[in-house]
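Remarks on the structure that follows.
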Amino acid sequence: MSRNWTKTVGEVCFWIGLVLELIIVIIDKSAYTNPLESQLFRLTFLLFCVKIALTKYSAREWLCILLFGAVMFVSYRMNERDETVRVVAFIAACKGMDIKKVMKVVFWITFAGCAALMFLSVTGIYGAVSVVADFGRGGSGEQVFETRYVLGMGHPNALHCMLWMVVVLAVYSYAEALKWYHFAFFAAVDFALFFLTKSKTGALVWFLFVALACIMRYNKKYRENKNVYVVCALIVFGCVVFSMIGSHVGNMDLAPDSLMFKLDKVLNGRYESCYAIEEARLENWKWFAAPENTDYFDAGFVRLYYWYGIIPGMIYVGMTFYLLYQSYREKDYVLLVMIVTFSVFNLVEAHFISVYILRNYLLVLMGHYWYQPLDQDHGSEGYFWQVKSLLGKV
């Protein structure tokens with residue numbers, strides 16, 4: 001069996017797994033409940049493992065895969081959440097793949113999936129066009145029912161978030177070809193969509209992403225300024241620290257004139273909601289979370305530690321800072337802006353902290369960058385070739 005043939009088989013397995021993961025995300029955003037979701041997760045995990053087995057890694061890369069795999073396996077055994085192990089397999093399997101090609105595939109399938117859900121809803125075939133509900137904007141406990149558009153995606157926030165994700169993928173995939181009027185168009189779409197969804201958080205982070213990407217695109221001085229990357233790192237660090245403080249104090253026992261109380265009111269009580277869950281409080285975080293930690297709430301970083309534990313949470317945050325370093329090293333300004341806006345979004349929403357791998361595109365970038373410091377010109381062969389060599393000696 002030739003090396004080129006096994007490489008091709010591995011890459012085909014990767015592409016099939018990637019497409020399936022993307023389809024699972026789109027189905028989750030629809031009104032359809034996927035009865036085969038857990039089986040599909042197992043299938044994609046197997047496909048990524050086949051890609052790993054047919055990929056050439058150095059000894060240090062194998063050690064890294066086994067180390068992180070072991071930690072996440074312990075996490076899985078403790079909290080019964082298998083996505084941690086699946087994430088390690090996906091990231092490891094990304095080695096050797098063309099990152100631009102991968103991101104373009106992710107963009108086009110996500111775009112097509114969102115467009116299909118919107119088309120099905122507005123034509124009356126499947127999915128709601130809008131919903132009428134109390135979105136908590138009445139104040140003082142008063143119920144105020146509003147009509148907001150969802151266009152087949154179940155919730156107005158989900159609609160705004162998914163279309164923002166499409167814009168993020170478009171900017172990353174085609175950054176060098178974009179002109180100022182493309183950024184203006186993206187901002188205009190955000191503004192128009194806000195009138196349909198009333199999603200303040202989605203509108204703000206979308207505009208922040210577009211504005212920062214446009215500034216960095218046309219200002220080489222900022223792209224190469226080390227201080228810009230330092231400031232961005234401080235923003236990410238601040239988001240994590242703020243989340244920790246919020247999970248510790250909430251706003252339930254704070255004076256109405258305290259800063260945290262006022263900030264949490266601006267955030268629609270996100271940290272009051274997670275503080276009400278005892279195991280989500282900072283003082284109750286465990287090294288690896290318990291299987292009973294299954295509640296959903298909107299504070300993303302808090303959910304990260306609540307669902308998975310301190311060690312997996314620290315690994316994710318550490319990898320985020322590693323991506324920040326790589327964005328500076330490669331002058332990848334789109335990655336930099338992604339990290340900042342994703343972190344800000346994580347303060348108030350938990351879209352990226354999910355059982356669905358390809359809700360979080362930073363995982364794809366982690367897959368591109370994780371092995372580069374470990375790569376060697378003459379690394380050890382993949383598992384398949386090690387076994388073949390061993391059998392040849394018997």
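Starting from 1, each residue takes its place in the sequence as its number. Just so it is clear, the model here is predicted, and its values are computed rather than measured. Note that these values count all heavy atoms, side chains included, but never hydrogens, waters or copies made by symmetry.
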Show me, pair by pair, the donor-acceptor contacts under 3.5 angstrom made by side chains of residues 10-19, not counting sequence neighbours?
none

Can you give each donor-acceptor pair under 3.5 Å made by side-chain atoms of residues 352-362, sequence neighbours left out, with the distance rounded to 0.1 Å?
| residue | atom | partner | partner atom | Å |
| --- | --- | --- | --- | --- |
| S354 | OG | Y356 | N | 3.0 |
| Y356 | OH | D28 | OD1 | 3.0 |
| Y356 | OH | E37 | OE1 | 3.3 |
| Y356 | OH | E37 | OE2 | 2.8 |
| R359 | NH1 | H351 | O | 3.3 |
| R359 | NH2 | D28 | OD2 | 2.7 |
| N360 | OD1 | L362 | N | 3.0 |
| N360 | ND2 | Y316 | OH | 2.9 |

Donor-acceptor pairs are to be reported for all side-chain atoms of residues 225-245 against protein atoms at under 3.5 Å, with residues two or more places apart or in another chain.
| residue | atom | partner | partner atom | Å |
| --- | --- | --- | --- | --- |
| N225 | OD1 | N227 | N | 2.8 |
| Y229 | OH | R223 | O | 2.6 |
| S243 | OG | C239 | O | 2.8 |
| S243 | OG | Y271 | OH | 3.3 |

For residues 208-221, which side-chain donor-acceptor pairs fall under 3.5 Å, sequence neighbours excluded?
| residue | atom | partner | partner atom | Å |
| --- | --- | --- | --- | --- |
| R217 | NE | A175 | O | 3.1 |
| R217 | NH2 | E176 | O | 3.1 |
| R217 | NH2 | L178 | O | 3.2 |
| Y218 | OH | W180 | N | 2.8 |
| N219 | OD1 | K221 | N | 3.1 |
| N219 | OD1 | Y222 | N | 3.2 |

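Residues satisfying the side-chain hydrogen bond (donor to acceptor under 3.5 Å, both in side chains) test with T197, not counting sequence neighbours, are H160. Every residue two or more places apart in sequence or in another chain that forms a ring-ring contact (aromatic ring centres under 6.0 Å, His included) with Y296 is listed here: W307. Under the side chain to side chain contact (heavy atoms under 4.5 Å, CB included) criterion, D298 pairs with R270, E349, sequence neighbours left out. By the side-chain hydrogen bond (donor to acceptor under 3.5 Å, both in side chains) test, W287 is found to be paired with no residue, residues two or more places apart in sequence or in another chain being considered. Legend: residues meeting side-chain hydrogen bond (donor to acceptor under 3.5 Å, both in side chains) with T341, ordered by chain and number and at least two apart, are absent. Under the ring-ring contact (aromatic ring centres under 6.0 Å, His included) criterion, F191 pairs with F195, sequence neighbours left out. Under the rule for a side-chain hydrogen bond (donor to acceptor under 3.5 Å, both in side chains), the partners of Y308 that lie at least two apart in sequence or sit in another chain are E83. By the ring-ring contact (aromatic ring centres under 6.0 Å, His included) test, Y76 is found to be paired with no residue, residues two or more places apart in sequence or in another chain being considered.
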Original post:
Are K95 and E61 close enough, and set up right, to give a salt bridge (Lys or Arg N to Asp or Glu O under 4.0 Å), and what steps lead you there?
Top reply: CA-CA 10 Å; K95 182 181 178 183; E61 288 166 350; 2.7 Å; yes
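With Y306 as reference, F297 is the one residue of F301, F297, W285 to meet the ring pair (Phe, Tyr, Trp, His ring centres under 6.0 Å) rule.
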